[in-house]
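Structure record follows, encoded as structure tokens.
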Amino acid sequence: MSDQSISDSFQPLAPLRRADVVFKSHPRAKRYLAKVDKEGHILLTVPRAGTQRDALAFANKHRAWLEEEREKALRSLAAGESVTCLGAGDFIWFRGEKVELKIEKDFGRPVLRFGSERLFIADENMNLARPLKERIRQIAQAEFPHAVHRLAAQFGEKVKKVVVRDQKTRWGSCSTSGTISLNWRLALTAEATRDYVIIHELMHMRRFDHSPAFWALVEKACPDYRTHENWLKSHQDELNW
Ligand SMILES: [Zn+2]
């Protein structure tokens, strides 16, 4: 943050308080760091020798810049959020099949049915994208960690943590510290396709690149990986809601 900026707000910015930020302690951090994540949260890194109080003072020195970053994040969040409108009669991919969204009444309350799932919704005319996303994300959260650990055991890899994410551009990722992140939208694909993405991430624990040697590992572990890659590519627009 060597360059400074000045922002002319209509209202003077209130100083940040503890409740406005998320503190993260980081034993290897040498200094205070402030950043804004995609959801607009202000994250403050506190070095080992530091205090939350000083971190807050640091953030307040950069208050204007942080506010700008926060507004930017919230704007792009609003722009990218469920613009897709889903209603009864529409079809979505779920577990690798196209299923119809059906609305029924249960003792007068509207119920959304898709595949073998049912969920109560507030209003039959609402955009179903949000409740669907919420439910399918829960399903992903419940199922993906098991799948990862099963495959990790099969390939002799160690996974520390499995995270389910809402990413617009990535199916999964793998960190050197042993965390595998997976997009909840993999619950829309066939299980074999989801498993391919998991295997792909597991193979990154052996090779942290996309070299021919990496793809050779993938092919050995998942011989029909090209089918899954192609399916994901040709359906990404239909899955990205
Ligand atoms: Zn990869």
Side-chain angles (χ1 to χ4, degrees), residues 24 26 28-29 33 35-39 41 43 45 72-73 76-77 79-84 92-98 132-241:
K24 302 175 68 174
H26 199 303
R28 272 173 297 138
L33 276 174
K35 67 169 207 167
V36 174
D37 72 7
K38 274 196 225 133
E39 270 99 40
H41 303 124
L43 310 179
T45 303
K72 240 190 271 171
S76 62
L77 201 65
E81 211 190 352
S82 295
V83 259
T84 316
I92 61 164
W93 285 99
F94 182 58
R95 299 194 191 278
E97 281 173 41
K98 267 208 150 161
L132 273 169
K133 193 164 162 174
E134 228 165 80
R135 166 59 66 93
I136 298 172
R137 216 181 148 149
Q138 282 167 5
I139 292 171
Q141 198 79 54
E143 297 179 357
F144 290 4
H146 294 288
V148 171
H149 291 299
R150 173 176 51 81
L151 289 163
Q154 187 181 327
F155 292 101
E157 296 298 333
K158 279 214 165 64
V159 175
K160 272 215 191 103
K161 206 169 140 196
V162 181
V163 184
V164 174
R165 289 225 164 111
D166 183 13
Q167 295 165 311
K168 288 274 172 201
T169 56
R170 275 195 291 181
W171 295 113
S173 61
C174 168
S175 79
T176 45
S177 60
T179 298
I180 285 187
S181 306
L182 297 168
N183 197 321
W184 66 267
R185 291 174 180 82
L186 289 167
L188 306 176
T189 74
E191 229 167 67
T193 304
R194 176 205 67 190
D195 284 356
Y196 153 64
V197 174
I198 296 173
I199 293 169
H200 180 118
E201 300 311 330
L202 287 171
M203 292 304 123
H204 276 315
M205 297 188 153
R206 299 184 191 171
R207 271 203 81 102
F208 217 66
D209 59 27
H210 286 111
S211 61
F214 166 78
W215 286 109
L217 286 174
V218 170
E219 181 158 27
K220 193 155 175 251
C222 182
D224 52 355
Y225 81 92
R226 282 188 192 84
T227 317
H228 303 302
E229 276 281 323
N230 290 338
W231 195 91
L232 287 171
K233 274 203 190 90
S234 54
H235 293 83
Q236 58 185 8
D237 291 342
E238 289 171 68
L239 304 176
N240 215 350
W241 49 269

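Excluded from the calculations below are hydrogen atoms, water molecules and symmetry mates; all remaining heavy atoms, backbone and side chain alike, are included. Please read these numbers as outputs of a predicted model, since none were measured by experiment. In listed order, ligands and their atoms are each counted from 1.
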Next item on the list: Anything under 30° is parallel, anything over 60° is perpendicular, the rest tilted; go ahead and classify H228 against Y196.
Entry: parallel

Item checked: Ring geometry between W184 and W241 (parallel below 30°, tilted from 30 to 60°, perpendicular above 60°) -> perpendicular

Next item on the list: Using 2.8 Å as the cut-off, count the protein N, O or S atoms closer than that to the Zn ion (ligand 1).
Entry: 3

Next item on the list: Sequence neighbours left out, what pairs pass salt bridge (charged side-chain N to carboxylate O under 4.0 Å, His left out) with at least one residue falling in residues 193-204?
Entry: R150-D195

Next item on the list: Locate the shortest heavy-atom distance separating A73 from V36; write the atom from each residue and the value.
Entry: CB-CG1, 4.2 Å

Notebook entry, point to check: Does H235 use its side chain to pair, donor to acceptor, with the backbone of W231 at less than 3.5 Å?
Noted result: yes

Notebook entry, point to check: Does a sphere of radius 6.0 Å around CD in E97 hold more than 12 heavy atoms from other residues, nucleotides or ligands, not counting ones at 6.0 Å or beyond?
Noted result: no

